[in-house]
Colleague: 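Structure in structure tokens, see below.
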Amino acid sequence: MLIHSASQLICLRGGPQRGAHLGELDIIHDGAVYLQDDAILQVGTSADLLQRFPDEARLDAQRQVVMPGFVDPHTHLIWAGDRANEFTQRLEGKSYMEIMAAGGGINATVQATRHASSADLKKSTSSRAWSALRHGTTTLEAKSGYALDMPGEQRLLEILMELGTELPLDITPTYLGAHAVPPEFSGRTQDYVDLLVEKVLPQLKTWWRQRYTHQALPFVDVFCEPNVFNLQHTRVILSTAKSLGYPLKIHADEFENIGGAALAAELGAVSADHLVKISAADIRKLAPSASVAVALPCTPFGLAESHYTPAREIIAGDGLLALASDLNPGTAWCGNMQFVIALACRYMKLTPAQALAAATINAAAAINRQDKIGSLEPGKQADLLILNVPDYRHLGYRFGENLVQTVIKKGKVIDFS
Ligand code: NIG
Ligand code: FE
């Protein structure tokens with residue numbers, strides 16, 4: 001198939017974009033892209049490709065933007081129930097951490113998720129995945145973390161893996177057993193950490209290898225925060241995971257800075273996420289490292305807080321910055337990367353070009369998939385969007401409506417009817 005007459009074909013060639021390079025969109029005006037099966041074969045001008053492939057099936061982009069599908073590298077896609085009551089409590093003055101300490105928060109969703117049937121969980125998760133896809137996300141990372149006991153977490157990972165094969169959307173799984181201390185371990189955080197390190201992580205690896213023979217191990221992630229998993233707990237969990245061969249992620253500096261970002265750099269985590277409270281000293285450690293700094297502006301927005309990740313400082317430190325939604329029932333029930341970009345432009349002062357690159361090629365790097373997705377280059381997977389706008393800057397500039405007209409996943413136009 002030949003997609004032609006794109007007002008702007010946003011190619012993003014050349015790999016993840018660090019520091020001052022962020023936002024190099026590599027635009028072909030009146031561009032075209034030639035797809036074969038599930039891959040991109042050629043990009044060029046419409047004049048050139050129409051002449052070279054005269055007999056191909058054509059899709060006229062009608063002078064609108066064509067770009068790579070969004071990659072959302074941080075979601076908590078799978079859960080049951082909602083926490084609308086907590087939203088009201090927060091507006092009345094209670095903090096997220098106070099609600100969590102009182103047994104609500106993540107553990108409220110853990111109760112609902114443990115009691116939900118697999119069919120119901122699959123249905124609600126699938127509907128959220130379709131909504132993300134409709135808004136242009138063609139690959140997303142999805143974390144377990146709302147069951148916390150081993151069989152329950154395995155069930156969440158299994159459902160995510162099933163959806164990844166059944167839906168026209170790639171799902172990269174993450175094991176987040178260290179999302180909260182489960183109620184049965186209340187007051188015994190160290191015992192729970194010991195269990196994770198001594199039993200769960202090794203057993204999960206064996207189970208995974210038997211069940212998903214050809215799939216890479218999932219990421220292991222930890223919610224590193226005072227009164228959840230402190231720096232020492234996090235270090236033990238992540239270094240054990242690393243020695244077992246799991247790739248690493250971390251929730252760091254979301255509410256307070258206790259050194260999670262520096263730990264991510266030290267351990268070679270693929271990404272360090274949130275970073276709202278990252279210190280200048282930790283920016284100096286994280287930014288030059290290989291770990292991608294993932295900002296999630298829906299989270300402070302969802303919590304009605306005024307501090308956002310200091311993206312400009314991370315970029316100035318030559319960091320690799322990506323954007324993600326954090327889609328979850330507590331802080332940010334939003335899987336729309338266009339809205340993430342709109343927030344990133346306003347509150348983190350990214351330009352639309354920077355935000356677009358952070359939501360595609362750099363987001364792909366945050367899940368180790370930069371060789372396969374995130375740009376329009378020969379050899380990459382044919383995951384593309386046609387927007388209903390003539391200029392990419394409408395992303396960021398506009399918000400609250402869906403600017404995605406057509407989603408193409410692995411070379412096929414998605415039918416949303
Ligand atoms: O990334 N902070 C930890 N995890 C989520 C929130 C999950 C929840 O509140 O259910 C986050 O913000
Ligand atoms: Fe999160």
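Small disclaimer: the values here were computed from a predicted structure and weren't measured. Values reported hereafter were calculated over all heavy atoms of this structure, with side chains retained and with hydrogens, waters and symmetry mates removed. Whatever order the structure lists them in is the order used to number ligands and atoms, beginning at 1. Throughout, numbering of the chain's residues begins at 1 and tracks the sequence.
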Colleague: Would you call E377-K380 a salt bridge at under 4.0 Å N-O?
Modeller: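 Yes, E377 and K380 are salt-bridged.
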
Colleague: Starting from atom 5 (C) of ligand 1, what is the nearest protein heavy atom, named by residue and atom, and what distance separates them?
Modeller: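 That would be H76 NE2, 3.6 Å.
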
Colleague: As an exercise, identify every atom of ligand 1 less than 4.0 angstrom from a heavy atom of F223.
Modeller: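 Per the distance check, 2 (N), 3 (C).
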
Colleague: Using side chain to side chain donor-acceptor pair (under 3.5 Å) as the criterion, point out the one residue from Q154, E153, H179 that pairs with S144.
Modeller: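 The passing option is E153.
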
Colleague: Could you enumerate the protein N, O or S atoms under 2.8 Å from the Fe ion (ligand 2), written like residue then atom name?
Modeller: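 Sorted hits: H74 NE2, H76 NE2, H251 NE2, D326 OD1.
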
Colleague: Record the part of Y146 in heavy-atom contact with ligand 1 below 4.0 Å; permitted values are side chain, backbone, both and neither.
Modeller: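 It is the side chain that gets close, since no backbone atom is under 4.0 Å.
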
Colleague: Students should be able to answer this: which protein heavy-atom is nearest to atom 9 (O) of ligand 1, and at what distance?
Modeller: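 Result for atom 9 (O) of ligand 1: Y96 OH, 2.5 Å.
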
Colleague: Salt bridge check, R114 against E184: does any charged N sit closer than 4.0 Å to a carboxylate O?
Modeller: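 Counted as a salt bridge, because a side-chain N and a carboxylate O are separated by less than 4.0 Å.
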
Colleague: Are I106 and ligand 1 in contact, using a heavy-atom cut-off of under 4.0 Å?
Modeller: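 Flag set, I106 near ligand 1.
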
Colleague: Determine yes or no for a side-chain-to-main-chain donor-acceptor pair under 3.5 angstrom, with R155 supplying the side chain and A147 the backbone.
Modeller: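 No.
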
Colleague: For the side chain of D72 and the backbone of S325, is there at least one donor-acceptor N/O pair under 3.5 Å apart?
Modeller: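 Yes, because the side chain of D72 sits within donor-acceptor range (under 3.5 Å) of the backbone of S325.
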
Colleague: Is the terminal nitrogen or CZ of R128 (NZ for Lys, CZ for Arg) located under 6.0 angstrom from the six-membered ring centre of W79 and within 45° of that ring's axis?
Modeller: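 Checked: cation-pi criterion met.
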
Colleague: With a cutoff of 4.0 Å, is H274 in contact with ligand 1, counting heavy atoms of the residue only?
Modeller: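 Yes.
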
Colleague: Under the criterion ring-ring contact (aromatic ring centres under 6.0 Å, His included), I'd like the reasoning laid out for Y96 against F255: C-alpha separation, chi angles, the key distance, then a yes or no.
Modeller: CA-CA 9 Å; Y96 177 82; F255 297 97; 5.0 Å; yes

Colleague: Taking atom NE2 of H115 as the centre, report whether more than 12 heavy atoms of other residues, nucleotides or ligands fall under 6.0 Å from it.
Modeller: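 Counting neighbours around NE2 of H115, 12 or fewer heavy atoms of other residues, nucleotides or ligands fall under 6.0 Å, so no.
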
Colleague: Does the pair D273 and H74 meet the rule for a side-chain hydrogen bond (donor to acceptor under 3.5 Å, both in side chains), with working shown?
Modeller: CA-CA 8 Å; D273 301 27; H74 182 141; 2.7 Å; yes

Colleague: Is the closest heavy atom of R83 to ligand 1 under 4.0 Å?
Modeller: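 So R83 counts as touching ligand 1.
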
Colleague: Which residue supplies the protein heavy atom nearest to atom 4 (N) of ligand 1, what is that atom called, and how far is it?
Modeller: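 For atom 4 (N) of ligand 1, the nearest protein heavy atom is H179 NE2, 2.9 Å.
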
Colleague: Does W79 have a heavy atom less than 4.0 Å from any atom of ligand 1?
Modeller: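 It does not, in that no heavy atom of W79 comes within the 4.0 Å cut-off of ligand 1.
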
Colleague: May I ask you to check if ligand 1 and E254 share an N or O to N or O distance below 3.5 Å?
Modeller: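 So ligand 1 has an N or O lying under 3.5 Å from an N or O of E254.
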
Colleague: Ion pair present between R235 and E266, side-chain N to carboxylate O less than 4.0 angstrom?
Modeller: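 Result for this pair is yes, salt bridge flagged.
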
Colleague: Which atoms from ligand 1 have a heavy atom of H251 less than 4.0 Å away?
Modeller: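 Listed by number with element: 1 (O), 3 (C), 4 (N).
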
Colleague: With side chain to side chain donor-acceptor pair (under 3.5 Å) as the test, pick out the partner of H76 among D221, T331, D326.
Modeller: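 Of all the options given, the one that passes is D326.
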
Colleague: Apply the test ring-ring contact (aromatic ring centres under 6.0 Å, His included) to residues F339 and F301: give CA-CA distance (whole Å), side-chain angles for both, the deciding distance (0.1 Å), then the verdict.
Modeller: CA-CA 11 Å; F339 188 62; F301 182 81; 5.4 Å; yes

Colleague: Do me a favour and list the nearest non-hydrogen protein atom to atom 11 (C) of ligand 1 with residue, atom name and distance?
Modeller: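 Atom 11 (C) of ligand 1 sits closest to the protein heavy atom D326 OD2, 3.1 Å.
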
